[in-house]
Number of protein chains: 2
Amino acid sequence: MYVTISNEHKDQAFYEQTTETISHLRPIRAACGKHVFREGDKVDRIYVVVSGAVKLTRLLEDGRRQIIAFGFPGDMVGFPSHGRHHTDCEALTTVQLEPYQFSSLESGTGDPVLHKAFVQAALREIAAMQDHFVMLGRKSASEKVASFLETMAQRLGEPVGNYRQFPLSMSRADIADFLGLTTETVSRTISLFRKSQVIALDGAHTVVVLRPDALHAIANRDRG
Amino acid sequence: MYVTISNEHKDQAFYEQTTETISHLRPIRAACGKHVFREGDKVDRIYVVVSGAVKLTRLLEDGRRQIIAFGFPGDMVGFPSHGRHHTDCEALTTVQLEPYQFSSLESGTGDPVLHKAFVQAALREIAAMQDHFVMLGRKSASEKVASFLETMAQRLGEPVGNYRQFPLSMSRADIADFLGLTTETVSRTISLFRKSQVIALDGAHTVVVLRPDALHAIANRDRG
DNA sequence: CGTCTCGTTGAACCCCATCAAAGCCGGTGG
DNA sequence: CCACCGGCTTTGATGGGGTTCAACGAGACG
């Protein structure tokens with residue numbers, strides 16, 4: 001949820017099929033901290049994340065920031081509005097992106113398989129954003145952070161011993177701007193989870209989920 | 001902003017063109033309070049609002065509710081995820097909806113003009129939701145309510161004397177669930193605007209914008 | 001005219017933001 | 001290799017914006 005595309009990698013099919021169909025466009029790389037595109041840029045291509053991670057952000061004039069989504073491998077990013085990008089896209093790590101010519105995707109004049117995958121990706125994006133609405137509008141800080149960690153674990157987690165572990169490639173400030181909180185609250189909440197043995201940290205950017213059930217309970221019920 | 005489709009009715013073209021192209025499906029009506037569809041329903045058609053208004057809602061198990069969007073004339077509602085509706089859709093007033101067979105829209109096998117309009121609507125939906133994220137995540141109560149009133153005025157406002165006036169067809173609770181606030185806060189904030197002569201009310205459900213500039217200022221700068 | 005739902009207003013509390021400062025880590029250069 | 005530096009993270013103390021609980025008012029409808 002609230003990830004650009006879906007957790008279900010059935011649609012890995014998208015990437016596999018399409019690289020064969022029209023990979024006229026070479027994969028691109030962006031170093032950590034670099035922008036892939038910026039709000040207002042004309043959209044001639046959209047991207048599928050191959051490796052690494054990106055963040056999609058929107059700014060208010062006064063500097064307040066909202067992160068719309070993170071993009072992980074398999075996610076499609078860069079859906080345009082009126083031919084323009086509507087967010088900034090910045091690399092969280094060194095990232096590889098597979099570009100697709102947008103005009104052919106949009107019009108349906110190009111490869112129909114590719115086109116359908118594009119439409120499906122857009123529809124999944126809408127659904128994911130709807131879930132994120134509920135989180136931003138109606139969940140407490142604990143619920144938000146727990147939901148976020150749970151999603152990340154599902155998305156990026158790998159078994160290590162008896163537990164699942166995953167990297168948090170983004171900063172606390174990024175998490176805060178994604179969840180509509182402050183860095184301090186995010187940090188405090190994560191510390192709380194650590195102290196109550198729900199998760200463990202290895203450095204600030206590697207999380208081990210010790211009690212997935214507890215995490216899930218906090219994500220969906222708690223009010224503190 | 002944060003309306004299902006767009007304020008720009010250039011794409012009124014969609015409705016006009018398509019009613020001629022395949023109006024095999026008759027417009028449907030729903031009375032105030034009735035559901036058009038529910039979360040989980042199989043999607044075989046999506047709708048364009050012709051007259052009246054609907055709300056799209058998502059529920060948490062414990063009863064907390066988030067309104068994803070309101071649908072006004074010209075808006076397309078019912079984008080599916082994995083073939084299912086992902087929100088409830090309920091009529092706020094008596095509403096007329098123009099249904100479109102979804103299968104033909106999705107696959108691109110049907111009318112290409114219609115298909116392209118569908119894709120454009122989905123992309124606008126994504127952009128609108130991105131704006132709403134900023135509001136839910138980063139704006140204060142006053143900013144939220146002012147932004148909402150401003151958008152409604154742009155969308156539904158009609159000149160009355162020297163001012164613009166519009167109907168608030170939804171309840172205070174609906175507005176609260178849309179903005180991520182409580183009914184009390186919405187009511188208090190609206191009262192504040194009324195007392196400071198930014199707006200006037202005629203009953204609880206008709207708003208007159210007295211000072212659009214002030215409303216805009218509150219929507220974008222204020223921190224109270 | 002009575003009832004009922006919705007809206008408004010008041011008072012108290014609490015979660016989270018804000019302000020502040022101390023760790024911690026990675027990087028850099030001596 | 002180590003000491004210093006700068007940014008990020010963590011933790012603490014305090015205050016405020018919005019929720020919560022509660023009661024009153026007002027319009028809608030029979």
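Letters A, B, ... mirror the listed sequences (proteins, then strands); counts begin at 1.
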Residues forming a side-chain hydrogen bond (donor to acceptor under 3.5 Å, both in side chains) with [X], sequence neighbours excluded:
{"X": "B:His216", "value": "B:Glu150, B:Asn220"}
{"X": "B:Arg188", "value": "none"}
{"X": "A:Ser187", "value": "none"}
{"X": "B:Thr206", "value": "none"}

Atom [atom1] of [X] and atom [atom2] of [N]: how far apart are they, to the nearest Å?
{"X": "B:Leu192", "N": "D:dG18", "atom1": "CG", "atom2": "P", "value": "11 Å"}
{"X": "A:Leu181", "N": "C:dT18", "atom1": "CG", "atom2": "C1'", "value": "14 Å"}
{"X": "A:Asp174", "N": "D:dG7", "atom1": "CG", "atom2": "P", "value": "16 Å"}
{"X": "A:Arg138", "N": "C:dC16", "atom1": "CZ", "atom2": "P", "value": "14 Å"}
{"X": "A:Lys139", "N": "D:dT19", "atom1": "NZ", "atom2": "P", "value": "18 Å"}
{"X": "A:Asp177", "N": "D:dC8", "atom1": "CG", "atom2": "C1'", "value": "14 Å"}
{"X": "A:Arg64", "N": "C:dT18", "atom1": "CZ", "atom2": "C1'", "value": "14 Å"}
{"X": "A:Leu168", "N": "D:dC8", "atom1": "CG", "atom2": "P", "value": "16 Å"}

Pick out the pairs of N or O atoms, protein on one side and nucleotides 5-7 of chain C on the other, that lie under 3.5 Å.
from  : atom 1 : to       : atom 2 : distance (Å)
C:dG7 : OP1    : B:Arg172 : N      : 3.2
C:dG7 : OP1    : B:His205 : NE2    : 3.4
C:dG7 : OP2    : B:Arg172 : N      : 3.3

Review item, nucleotides 19-25 of chain C N/O atoms under 3.5 Å of protein N/O:
from   : atom 1 : to       : atom 2 : distance (Å)
C:dC19 : N4     : A:Glu184 : OE2    : 3.1

**OP:** Go through the structure and list residues passing side chain to side chain contact (heavy atoms under 4.5 Å, CB included) with B:Thr183, not counting sequence neighbours.
**Re:** B:Ala173, B:Ala176
Original post:
Is a donor on one side and an acceptor on the other found under 3.5 Å between the side chain of B:His86 and the backbone of A:Asp131?
Top reply: no
Subject >> Touch class at under 4.0 angstrom, heavy-atom based, for B:Ile190 against every strand present >> reply: nothing
Original post:
Under 6.0 Å from the CZ atom of A:Arg29, do we count more than 12 heavy atoms belonging to anything else shown?
Top reply: no
Please tabulate, one pair per line, all N/O donor-acceptor pairs under 3.5 Å involving side-chain atoms of residues 156-169 of chain A, not counting sequence neighbours.
from     : atom 1 : to       : atom 2 : distance (Å)
A:Arg164 : NH2    : A:Ala153 : O      : 3.4
A:Arg164 : NH2    : A:Gly157 : O      : 3.0

Original post:
How large an angle, rounded to 10°, do the end axes of the helix from C:dC1-D:dG30 to C:dG30-D:dC1 enclose when each is built from five base pairs?
Top reply: 40°
**OP:** Test salt bridge (Lys or Arg N to Asp or Glu O under 4.0 Å) on A:Arg45 and A:Glu98 and set out the steps.
**Re:** CA-CA 10 Å; A:Arg45 49 184 61 179; A:Glu98 181 91 359; over 6 Å; no
**OP:** With sequence neighbours left out, write down each residue that passes ring pair (Phe, Tyr, Trp, His ring centres under 6.0 Å) with A:Tyr47, or none if nothing qualifies.
**Re:** none
**OP:** Using the closest heavy atom to pick a nucleotide of DNA chain C for each, name whichever of B:Leu201 or A:Thr182 lands nearer the 5' end.
**Re:** B:Leu201
Original post:
Hey, does the side chain of A:Arg194 come within less than 4.0 Å of D:dT11's phosphate (OP1/OP2), counting only N and O?
Top reply: yes
Subject >> Partner residues of A:Glu39 under the salt bridge (charged side-chain N to carboxylate O under 4.0 Å, His left out) criterion, sequence neighbours left out >> reply: A:Arg58
Subject >> salt bridge (Lys or Arg N to Asp or Glu O under 4.0 Å): pairs with one or both residues in residues 177-186 of chain A, sequence neighbours excluded >> reply: A:Arg65-A:Asp177, A:Asp177-B:Arg138
**OP:** Kindly point out which of C:dA17, C:dT9, D:dT19 is positioned nearest to the side chain of A:Thr185?
**Re:** C:dA17
